[in-house]
There are 2 protein chains.
Amino acid sequence: MLRVSKLTDYATVVMTCLAAAGDDVLSAQQLAERAQLEAPTVSKLLKQLAHAGLVASFRGVNGGYRLARLPSAITVAEIVTAIEGPIGMTECSVHSGQCGREPHCGVRVNWQRISHAITAALESVTLADMVKPPPRRGTAIPLRVAVT
Amino acid sequence: MLRVSKLTDYATVVMTCLAAAGDDVLSAQQLAERAQLEAPTVSKLLKQLAHAGLVASFRGVNGGYRLARLPSAITVAEIVTAIEGPIGMTECSVHSGQCGREPHCGVRVNWQRISHAITAALESVTLADMVKPPPRRGTAIPLRVAVT
DNA sequence: GGCAATCGGTACTGAAATGGTACTGTTTTA
DNA sequence: TAAAACAGTACCATTTCAGTACCGATTGCC
């Protein structure tokens, strides 16, 4: 199945928990309970998210994490990238010079186009969207993605 | 990195080779040479692609494979699905009842929406597009994807 | 009819990535 | 100074991935 890793999935859940907490600072332990995930796993995720600048960390007693920005200013694409690295559907669409076929390979550029489209799709959904209840029928968020 | 597996990547290359061959029937061995891939790997891929109805197989001497349809009628989404199974970004967006959070989980439905958008992006690119030379600047294929 | 070429299916294996755990260090506050 | 909490490193079990091997079934040609 074409999918993001479990950790990325967990990261979105943790981020939505933080978004729901508003400006409160939550410890990794508290977040683990709310997200129903293992504490060390959550801790590792928060570290990566902090490194990517998506959450702000506070050390010491009563320390913890908080979103670095408003939920509406954080996209799913950023979360995915923070955990998985750059988005690219194939190896050659990110790193060139791997496969010898490149000079005459029309597949490569097309995968790059597809990757861009998917990136755009992920960028169009913000954390605020994830927290909100699902849109009702007929109120879909219009998303226009151009494969260029 | 968010990506398809190598085998899926290989499958698109094999399919483009078949598309380039027109109506000719090519053996797994010939395709392996053209795609610059290991013969057993190509053979395995072709088996899966045949099972998915994307290629037609012919047994016996001078047997081999041929596209089951016109390149313009085969989408990248079909190739991905043939090799990787259903497209879904998270486990819970495909199989329900796995994580207890579902009743109150807004993340799930939003991942499903994202999955749909990505599926649409993959469906919008056909094998014919992959064979064609990359579009020139300003002649991008417009693709409108609605997240519903 | 027999042989060779080719697909079809199953099983196996080594390597890599994934996901989880443990431990130790550092910073901050009471 | 001690406790709470983040930060970093290392490690291990499991799963998945990619490749290989083998045997059976089918077809065409001699």
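Quick note on labels: first sequence line is chain A, next is B, and so on, each numbered from 1.
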- Message: What is the distance, to the nearest angstrom, from the NZ atom on B:Lys47 to the P atom on C:dC7?
- Response: 11 Å

- Message: If you compare every side-chain N and O of A:Tyr65 against the phosphate oxygens of D:dA7 (OP1, OP2), does one of them come in below 4.0 Å?
- Response: yes

- Message: Do B:Val25 and B:Asn62 have side chains that approach each other closer than 4.5 Å (heavy atoms only, starting at C-beta)?
- Response: no

- Task: Give B:Leu7 one of three labels, base, sugar-phosphate or nothing, depending on what nucleic acid heavy atoms sit under 4.0 Å from its own.
- Result: sugar-phosphate

- Item | Which atom of A:Gly22 lies closest to which atom of A:Arg66, heavy atoms considered | O-CG, 4.2 Å

- Task: Quickly work out the A:Leu37 CG to C:dT18 C1' distance and round it to whole Å.
- Result: 16 Å

- Message: Just the rounded figure in Å: distance from P of C:dT29 to CZ of A:Phe58.
- Response: 11 Å

- Message: Reading DNA chain C from 5' onward, which residue's closest nucleotide shows up sooner: B:Arg59 or A:Asn62?
- Response: B:Arg59

- Is B:Lys44 salt-bridged to B:Glu38, cutoff N-O under 4.0 Å? no

- Quick one: on DNA chain C, does A:Pro40 or B:Gly63 contact a more 5' nucleotide (nearest heavy atom)? B:Gly63

- Message: Below the 4.0 Å mark, does D:dA7 have OP1 or OP2 next to a side-chain nitrogen or oxygen of A:Ser57?
- Response: yes

- Take the protein atom CG of A:Leu31 and the nucleotide atom P of D:dA5, then report the distance between them rounded to whole Å. 12 Å

- Item | D:dT16 OP1/OP2 closer than 4.0 Å to side-chain N/O of B:Ser5 | no

- Task: Rounded to the nearest angstrom, tell me the gap between atom NZ in A:Lys44 and atom C1' in D:dC11.
- Result: 11 Å

- More 5' along DNA chain D: A:Val61 or A:Ala50, using each one's nearest nucleotide? A:Val61

- Show your working on side chain to side chain contact (heavy atoms under 4.5 Å, CB included) between B:Glu33 and B:Gln29 and close with a plain yes or no. CA-CA 6 Å; B:Glu33 287 167 14; B:Gln29 180 61 40; 3.3 Å; yes

- A:Tyr10 side chain near C:dG20 phosphate (N/O to OP1/OP2, under 4.0 Å): yes

- Under 4.0 Å between a side-chain N or O of B:Thr41 and OP1 or OP2 of D:dG19? yes

- Item | Integer-rounded Å distance: D:dC17 P and B:Lys6 NZ | 12 Å

- note: A:Leu49, atom CG; D:dA7, atom C1'; distance rounded to Å ~ 15 Å

- Query: Once you round to the nearest 0.5 Å, how far does CZ of B:Arg69 lie from OG1 of B:Thr75?
  - Reply: 8.0 Å

- Euclidean distance, atom CD of residue A:Gln48 to atom P of C:dG20 [Å, nearest integer]: 13 Å

